[in-house]
Amino acid sequence: MKISIILCVFNEMRVIEKSFKELYEDCEDKKIEYEIIIVDNDSKDGTREWLVSLQNPRVTKVFNERNIGKGGSIKKAIGIASGEYS
């Protein structure tokens with residue numbers, strides 16, 4: 001079983017690095033098959049740049065050209081998710 005974890009972010013630079021690290025470590029500890037899809041809603045605070053620099057084979061990054069809201073971002077991520085559960 002593979003799960004898809006969806007993160008929608010908008011101007012999250014204060015917390016994104018720590019939150020991602022905790023999520024990643026938890027998933028690795030549980031020895032589950034997973035993917036992480038991070039959707040950026042046109043952040044302007046450095047979040048987008050941090051995501052561009054993030055190199056992780058389990059992470060798929062989506063960069064919206066404008067803020068389409070959390071619901072729109074979730075729908076977009078579900079459309080590309082490959083897990084049995086999202």
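All values below were derived from every heavy atom in this structure, side-chain atoms included, with hydrogens, water molecules and symmetry-related copies excluded. Numbers for residues simply follow the sequence, beginning at 1.
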For [X] and [Y], work out which heavy atoms get closest and say how close.
X	Y	result
Arg48	Glu65	NH1-OE2, 4.1 Å
Lys2	Glu35	CE-CB, 4.0 Å
Ile37	Ala81	CD1-CA, 3.6 Å
Asn41	Gly69	ND2-O, 3.3 Å
Cys8	Ser73	SG-CB, 3.7 Å
Glu12	Thr47	N-OG1, 2.9 Å

- Atom pair CD1/CD1 of Ile6 and Ile78 - distance to nearest 0.5 Å: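 Going from the CD1 atom of Ile6 to the CD1 atom of Ile78 covers 4.5 Å.
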
Same cluster for [X] and [Y] if Ile/Leu/Val/Met/Phe/Trp/Tyr side chains link at under 4.5 Å?
X	Y	value
Ile32	Met1	yes
Phe10	Val52	no
Val62	Ile68	no

- Just checking, is any N or O donor in the side chain of Asn67 or Asp42 under 3.5 Å from an acceptor N or O on the other one? no

- Message: Strictly below 4.0 Å, N to O, side chains only: are Glu17 and Lys21 in salt-bridge contact?
- Response: no

- Query: Can you tell me if Asn11 uses its side chain to pair, donor with acceptor, with the backbone of Lys44 under 3.5 Å?
  - Reply: yes

- Task: Could you tell me whether a side-chain N or O of Ser19 sits under 3.5 Å from a main-chain N or O of Ile16, the two making a donor and an acceptor?
- Result: no

- Message: Leu7 and side-chain contact (heavy atoms from CB on, under 4.5 Å): which single residue from Asp40, Leu23, Leu51 fits?
- Response: Leu23

- Item | Contact check, side chains of Tyr24 and Val59, non-hydrogen atoms, under 4.5 Å |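 Of all side-chain heavy-atom pairs linking Val59 with Tyr24, none is under 4.5 Å.
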
- Non-neighbouring partners of Arg58 that pass salt bridge (Lys or Arg N to Asp or Glu O under 4.0 Å), sequence neighbours left out: Glu28

- Task: For side chain to side chain contact (heavy atoms under 4.5 Å, CB included), just list the numbers for Ile38 and Leu54, CA-CA rounded to whole Å, side-chain angles, deciding distance to a tenth of an Å, and then say yes or no.
- Result: CA-CA 11 Å; Ile38 305 176; Leu54 177 65; 4.2 Å; yes

